[in-house]
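Atoms within each ligand, like the ligands themselves, are counted from 1 in listed order. Scope of the values below: all heavy atoms of this structure, side chains included, with no hydrogens, waters or symmetry mates.
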Amino acid sequence: MQQVKAVVARAKGAPVEIATINVPDPGPGEAVVKVLTCGVCHTDLHYREGGINDDFPFLLGHEASGIVESVGPDVTGVAPGDFVILNWRAVCGQCRACKRGDLQYCFATHNATQKMTLEDGTELSPALGIGAFAEKTLVAAGQCTKVDPEARPAAVGLLGCGVMAGIGAAINTGGVTRGRSIAVIGCGGVGVAAIAGAALAGASPIIAVDIDAKKLEQARAIGATHTIDSSTTDPVEEIKRICAETYDGADGADVVVEAVGRPETWKQAFYARDLAGTLVLVGVPTPDMVVPDIPLIDVFGRGGALKSSWYGDCLPTRDFPLLVDLYRQGRLDLDAFVTEEIGLGDIEAAFERMHHGDVLRSVVVL
Ligand code: APR
Ligand code: ZN
Ligand code: ZN
């Protein structure tokens, strides 16, 4: 067991605090990771606000890179000294989804069995089973994916959550390729990552839609070929017009990624698709939202696929090393997502900036 500094959310809505926590030595199938970087994600704020569950105190942070310090018995995939990106979906390999080959739909994902605790022995709930706003954290070894140690930790660590969700929504779920068009509705961190993924895949045109002009500028810098301010322009008509300019007869985009998580933008995405096109919902709706009023004949008539994308439908061992290599080759600009590097004591301020939409990512560097 060892003691380290960490950021803890003690009670619903209360500001986070730096505390000393106890990190157990790794047991079977576990690893202790010395954290190098951890991005600040909306989900961390959600935990702090009590929006996910009431299992306070939380150890926040889940978008991280680090160095494996020690591993427990029976760990073969990673070893001390490995540079790793952490993931929150270590698949079980045993459930129906895993056996069927749909590993991204495994809902029996696992985390470390032992608990990290506060100095008084109170058990901590690590955000998404990670808890990486900490000098060190205990995770399941399957949550660690070894990648090129020469890569900049603050940039590639972002593949651990939001950036992977966006890139994967475009490539893994949407299946965009060269010669296909894509529109992305909502250009926050996730939407802009979908644009980066579309650019990487060679899609064209890449149409960014948002109600905030500064988000559209960011989207263009990362690879959007067209932008639409949907607070002033009907995005459905405009997406159809742009796609028809490139592909004669197109009635919309081959893939539309919805990265807001609202019924009205989902409806725009539905109608902005070309016939037989794919809609990918990556924005997370709230439980009270319902599918918008769309005549069933339109679902029938337009055909295609209505999908959602979980964590970009990623398989960490397949996707992380590949995307890190593409970053190292200069083909995927992950640096563009790092708006600022901050310390463990700056997380409340980072929540505030995130809330105002001022940053793509604030990244804690330890
Ligand atoms: N039309 C178009 N864009 C919109 C609209 C709208 N009606 N409403 C909001 N937006 C834009 C915002 O201006 C912002 O740029 O959607 C973007 C949302 O971005 P963020 O709040 O930064 O969220 P992000 O981290 O990108 O996540 C997007 O995916 O993972 C989920 O929970 C997350 O639901 C959220 C979504
Ligand atoms: Zn996240
Ligand atoms: Zn499984």
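Considering backbone and side-chain N/O of Gly189, one or more are found under 3.5 Å from N/O of ligand 1. Inclusion of Val260 in the set of residues having an N or O under 3.5 Å from an N or O of ligand 1 is warranted. On a distance-only criterion, Ile185 and ligand 1 share no N/O pair closer than 3.5 Å.
If you check which protein heavy atom lies closest to atom 27 (O) of ligand 1, you get Val190 CG2, 3.5 Å. The protein non-hydrogen atom at the shortest distance from atom 7 (N) of ligand 1 is Thr265 CG2, 3.6 Å. When only non-hydrogen protein atoms are considered, atom 8 (N) of ligand 1 lies nearest to Ile211 CD1, 3.6 Å. Val284 N, 3.0 Å is the protein heavy atom nearest to atom 34 (O) of ligand 1. In terms of protein heavy-atom proximity, atom 16 (O) of ligand 1 is nearest to Gly186 CA, 3.6 Å.
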Would you check, one step at a time, whether the test side chain to side chain donor-acceptor pair (under 3.5 Å) holds for Asp298 with Tyr271? CA-CA 9 Å; Asp298 288 353; Tyr271 284 109; 2.4 Å; yes
Trace of the side-chain contact (heavy atoms from CB on, under 4.5 Å) decision for Val280 with Val255: CA-CA 7 Å; Val280 178; Val255 177; 4.3 Å; yes
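Here the OG1 atom belonging to Thr265 is positioned 9.5 Å from the CD1 atom belonging to Ile211, to the nearest 0.5 angstrom. Taking CG of Leu158 as the reference point, atom CG of Leu323 lies at 12.0 Å (rounded to 0.5 Å). Here Glu150 contributes atom CD and Arg152 contributes atom CZ; the two are 15.0 Å apart, rounded to the nearest 0.5 Å.
Of all the listed residues (Ala219, Gly188, Ala194), Gly188 holds the heavy atom that lies closest to atom 19 (O) of ligand 1. Of the candidates Ala259, Gly283, Gly162, Gly261, the one placing a heavy atom closest to atom 28 (C) of ligand 1 is Ala259. Closest heavy-atom approach to atom 14 (C) of ligand 1 within the set Ile228, Asp210, Asp212: this belongs to Asp210.
Heavy-atom separations between Ser230 and ligand 1 include at least one value shorter than 4.0 Å.
Looking at Val282 against ligand 1, only its backbone comes within 4.0 Å, counting heavy atoms. For His42, every heavy-atom contact with ligand 1 shorter than 4.0 Å involves the side chain, none the backbone.
For the pair Val291 and Phe270, the minimum side-chain heavy-atom distance is 4.5 Å or more.
Within His62, NE2 is the N, O or S atom that lies nearest to the Zn ion (ligand 2).
Under a 3.5 Å cut-off, the side chain of Arg89 and the backbone N or O of Gln104 do form a donor-acceptor pair.
With the Zn ion (ligand 3) as the vertex, SG (Cys98) and SG (Cys92) define an angle of 120°, rounded to 10°.
Nearest heavy-atom pair, Arg273 versus Leu279, reported as atom, atom and distance to 0.1 Å: CD-N, 3.4 Å.
Using a 4.0 Å cut-off between charged side-chain N and carboxylate O, Glu245 and Arg241 make a salt bridge.
In this structure, Phe58 and Phe56 have perpendicular ring planes: the angle between them is above 60°, well past the 30° mark.
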